[in-house]
Amino acid sequence: MKIVVIGAGLIGTSIALGAKRAGAEVELFDEDGRAQNLANDLVLSSKIDNPTIVVIATPTSALSGVLSKFKTLYPKSTFIDIGSTKTKVIQEVQTDKSFAARFVPTHPMAGRELDGAEAAQSDLFVGKSWVITPLQESSSESIEIGKRLIESLGAKVIVMSAEEHDAAVAAVSHLPQVISSLLAAQLLDKSEAQLALSGSGL
């Protein structure tokens with residue numbers, strides 16, 4: 001498999017490292033030249049002209065710009081994204097029906113407390129859930145290519161609708177993060193003596 005990853009952060013570089021370990025050829029792109037060079041050095045990347053799959057590992061807010069640049073550059077490749085919300089992604093992609101057949105929205109349920117290519121791990125997705133929310137237009141071939149990449153990284157594929165995914169992630173991931181952040185913010189003005197009373201739960 002030949003893989004191009006757009007976005008050389010934690011997730012993108014971890015995907016590239018895991019795919020390389022599984023025997024794929026990989027190349028990474030990033031707007032930040034330093035991050036791109038570091039990630040490609042870590043992965044021992046190679047130049048790829050006709051990738052089997054393009055992984056968009058950027059924030060969802062950058063999706064439109066990435067697609068306008070790369071979907072015509074790679075006219076035969078399958079595309080997947082890794083954004084944590086899917087409804088907006090689907091709305092964006094379905095504006096181009098011919099491209100939508102080559103696109104499969106996905107979301108890996110994995111991460112770390114650190115960020116950037118430096119924090120990437122080739123085994124980040126092993127044993128983790130990875131959701132795909134196929135479009136009505138997604139071709140069976142593109143869905144299978146996406147599944148093959150995900151499974152090569154050691155993750156477990158879960159198929160559901162975009163609406164079901166977004167509701168589930170809001171409940172089990174986004175809401176707990178917001179509550180944790182609010183709790184942490186309330187501790188900023190506490191003294192070391194007070195914080196010394198905390199248990200492992202905190």
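We number each residue from 1, following the sequence as shown. Side-chain atoms are counted along with the backbone in the values below, which use heavy atoms only and exclude waters and symmetry mates.
Using a 4.5 Å heavy-atom cutoff, the side chains of His165 and Ile158 are not in contact. No side-chain heavy atom of Ile53 sits under 4.5 Å from any side-chain heavy atom of Arg148. Considering only heavy atoms from C-beta on, Leu10 stays 4.5 Å or farther from Leu114 through its side chain. Between Glu141 and Thr78 there is no side-chain heavy-atom pair separated by less than 4.5 Å. Under the 4.5 Å side-chain criterion, counting only non-hydrogen atoms from C-beta, Leu202 is in contact with Leu183. Taking 4.5 Å as the limit, some side-chain heavy atom of Ile179 sits within range of a side-chain heavy atom of Leu175.
The two residues Ala19 and Val26 have their closest heavy-atom pair at CB-CG2, 4.1 Å. Across every non-hydrogen atom of Ala16 and Val43, the tightest pair is CB-CG2, 3.7 Å. Taking both residues in full, the closest heavy atoms of Leu42 and Ala117 are given as CD1-O, 3.6 Å, listed atom of the first, atom of the second, then distance. In plain terms, the two heavy atoms of Ala57 and Gly12 that are nearest each other are CB-CA, 3.6 Å. When all heavy atoms are compared, the tightest approach of Glu137 to Ala100 is CB-CB, 3.7 Å. In terms of heavy-atom proximity, Pro134 sits nearest to Ile143 at CB-CD1, 3.8 Å.
Checked by atom type and distance alone, the side chain of Ser14 never pairs as donor or acceptor with a backbone atom of Ile11 at under 3.5 Å. Although no hydrogens or angles enter the test, the distance criterion places no donor-acceptor pair under 3.5 Å between the side chain of Thr13 and the main chain of Ala39. The main-chain N or O of Leu195 is found under 3.5 Å from a side-chain atom of Ser198 such that the two form a donor-acceptor pair. Formation of a donor-acceptor pair under 3.5 Å by the Arg102 side chain with backbone atoms of Ser139 is not found in this model. Put simply, the side chain of Ser142 never gets that close to the backbone of Ser138: no donor and acceptor are under 3.5 Å apart. Distance alone, capped at 3.5 Å, is enough to place a donor-acceptor pair between the Ser68 side chain and the Gly65 backbone. Between the side chain of Gln194 and the backbone N or O of Ser191, at least one donor-acceptor pair lies under 3.5 Å.
Among residues at least two apart or in separate chains, side-chain hydrogen bond (donor to acceptor under 3.5 Å, both in side chains) pairs with a member in residues 46-64 are Ser64-Glu92. Counting only residues at least two apart or on different chains, the side-chain hydrogen bond (donor to acceptor under 3.5 Å, both in side chains) pairs with a member in residues 17-39 are Arg34-Glu118.
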His107 vs Ile82, test: side chain to side chain contact (heavy atoms under 4.5 Å, CB included). Steps then yes/no. CA-CA 4 Å; His107 179 211; Ile82 52 87; 5.7 Å; no

Decide yes or no on side chain to side chain donor-acceptor pair (under 3.5 Å) for Asp166 and Thr85, but give the supporting numbers first. CA-CA 6 Å; Asp166 288 359; Thr85 58; 5.4 Å; no

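Residues satisfying the salt bridge (charged side-chain N to carboxylate O under 4.0 Å, His left out) criterion with Lys190, sequence neighbours excluded, are absent altogether. In this structure, the side chain to side chain contact (heavy atoms under 4.5 Å, CB included) partners of Glu151, at least two apart in sequence or on a different chain, are Val157.
Taking a 4.5 Å side-chain heavy-atom cut-off between Ile, Leu, Val, Met, Phe, Trp and Tyr, the cluster of Val89 extends to Val4, Ile6, Phe29, Ile48, Val54, Ile56, Leu63, Val66, Leu67, Phe70, Leu73, Tyr74, Phe79, Ile90, Val93, Phe99, Phe103, Leu135.
Side-chain heavy atoms closer than 4.5 Å link hydrophobic residues (I, L, V, M, F, W, Y) into clusters, and following such links, possibly through other members, connects Met1 to Ile15.
Side-chain contact annotation: Gln91 with Thr87, donor-acceptor N/O pair under 3.5 Å absent.
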Side-chain donor-acceptor contacts of residues 120-131 below 3.5 Å, not counting sequence neighbours, with atom names and distances?
residue, atom, partner, partner atom, Å
Lys128, NZ, Leu124, O, 3.4
Trp130, NE1, Thr106, OG1, 3.0

